[in-house]
Amino acid sequence: MYSATELYPNAHVTEAVHEYCIEHSTPLPKAIHQHREKSIDFANKVGMDPDMMINTLQAQFMLFLAKLVGAKKVLEVGSFTGYSALAWAEAIKGQEGAKLVCIDIPGVHTDFAKATLSEAGFFNTLVTFVEGDSVESLQSLPVDKFDIIFLDANKDGYLPAIKLILSRNLLSARGIVIADNALKRGLVAEDTDKNPNSANLDTTSIMSYKHVDAFNKFVRDHEELEQVMLPAFDGLNIIRLKQN
Ligand SMILES: C[S@@+](CC[C@H](N)C(=O)[O-])C[C@H]1O[C@@H](n2cnc3c(N)ncnc32)[C@H](O)[C@@H]1O
């Protein structure tokens, strides 16, 4: 049975709709736009994949969402060149007690992200970096309550991350966890040859869809959590603590 709606007839219309959405959403500040261009140049120069960044529309969405939930404290796991971090910083800046903590492994991309946030006047004031493995960093992070926790690093870290978020009480009562790539190009739902993305199927690496699927199932089955899985971007699993 086919119960989903295939909204757009082809890739051309899908792309046109995407551009329309960008043009009809509140634009990102110019500095964030410019940073995207600089990040693409930088990533290409150092041989990293610029497509690791969230896209423009996702940045517009996350900035809006952060404002919608009145976020003051954000924890980002996986910052790359600092593009999504800039969007979070823009959303929370100017509030007393606002802070953004970014976790990523050390490297030229993290140096680039720190320089960017420094140029924007955020580094070490609004934004701090924890340089290390995602799970180890979540284990040792000083306890605080975050209104948004964005998971966007190694996929084998998602499940240990949500367990640590719960056991260490890192999420504020009305806070949300946003797990990016929650659908992994559709592979979590369909990993046979009916999905062209199943060619060279990766079931073992740290980025495998298998880890994301285990995370999604853990979240779905956890009695203290409620969540919505959205087929937007590469899939967003938006999670919160059940409210009494
Ligand atoms: C998809 S990118 C993040 C993109 C960023 N959120 C953005 O939209 O601009 C994933 C990041 O996870 C980081 N990463 C990979 N393995 C990691 C690990 N074990 N611990 C911490 N970060 C890791 C990579 O260095 C990379 O910068």
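Counting convention: from 1, in listed order, for ligands and their atoms alike.
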Open item on the list: Using ring centroids (six-membered ring only for Trp), state whether F215 and H211 fall under 6.0 Å.
Closed with: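 They do not qualify: ring centres at least 6.0 Å apart.
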Please confirm whether [X] comes under 4.0 Å of ligand 1, counting heavy atoms of the residue only.
X    : answer
G132 : yes
D133 : yes
S79  : yes

Between [Y] and [X], is there a side-chain heavy-atom distance shorter than 4.5 Å?
X   : Y    : result
T56 : H33  : yes
V46 : F112 : no
L86 : L28  : no

Open item on the list: Salt bridge check, K45 against D41: does any charged N sit closer than 4.0 Å to a carboxylate O?
Closed with: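 No, D41 and K45 are not salt-bridged.
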Task: Residues D144 and K73 bridged, charged N to O under 4.0 Å - done: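 Salt bridge present between D144 and K73.
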What is the nearest protein non-hydrogen atom to [atom], stated with its residue, atom name and distance?
atom                    : answer
atom 1 (C) of ligand 1  : M52 O, 3.2 Å
atom 21 (C) of ligand 1 : S134 N, 3.3 Å
atom 7 (C) of ligand 1  : S84 OG, 3.1 Å
atom 23 (C) of ligand 1 : A153 CB, 3.8 Å
atom 18 (C) of ligand 1 : N154 OD1, 3.2 Å
atom 10 (C) of ligand 1 : D152 O, 3.1 Å

Task: Option of least heavy-atom distance to atom 22 (N) of ligand 1 (set: D180, I54, D104) - done: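 The nearest heavy atom belongs to D104.
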TODO: Without swapping roles, check the side chain of T125 against the backbone of F122 for a donor-acceptor pair under 3.5 Å.
DONE: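 Side chain of T125 to backbone of F122, a donor-acceptor pair under 3.5 Å: yes, one is there.
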TODO: Examine the proximity of ligand 1 to A85 and report which part, side chain or backbone, both or neither, has a heavy atom under 4.0 Å away.
DONE: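 The answer is neither; A85 stays 4.0 Å or more away.
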- [ ] Over 60° means perpendicular and under 30° means parallel, so classify the ring planes of H109 and F80, tilted if in between.
- [x]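 It falls in the tilted class, 30° to 60°.
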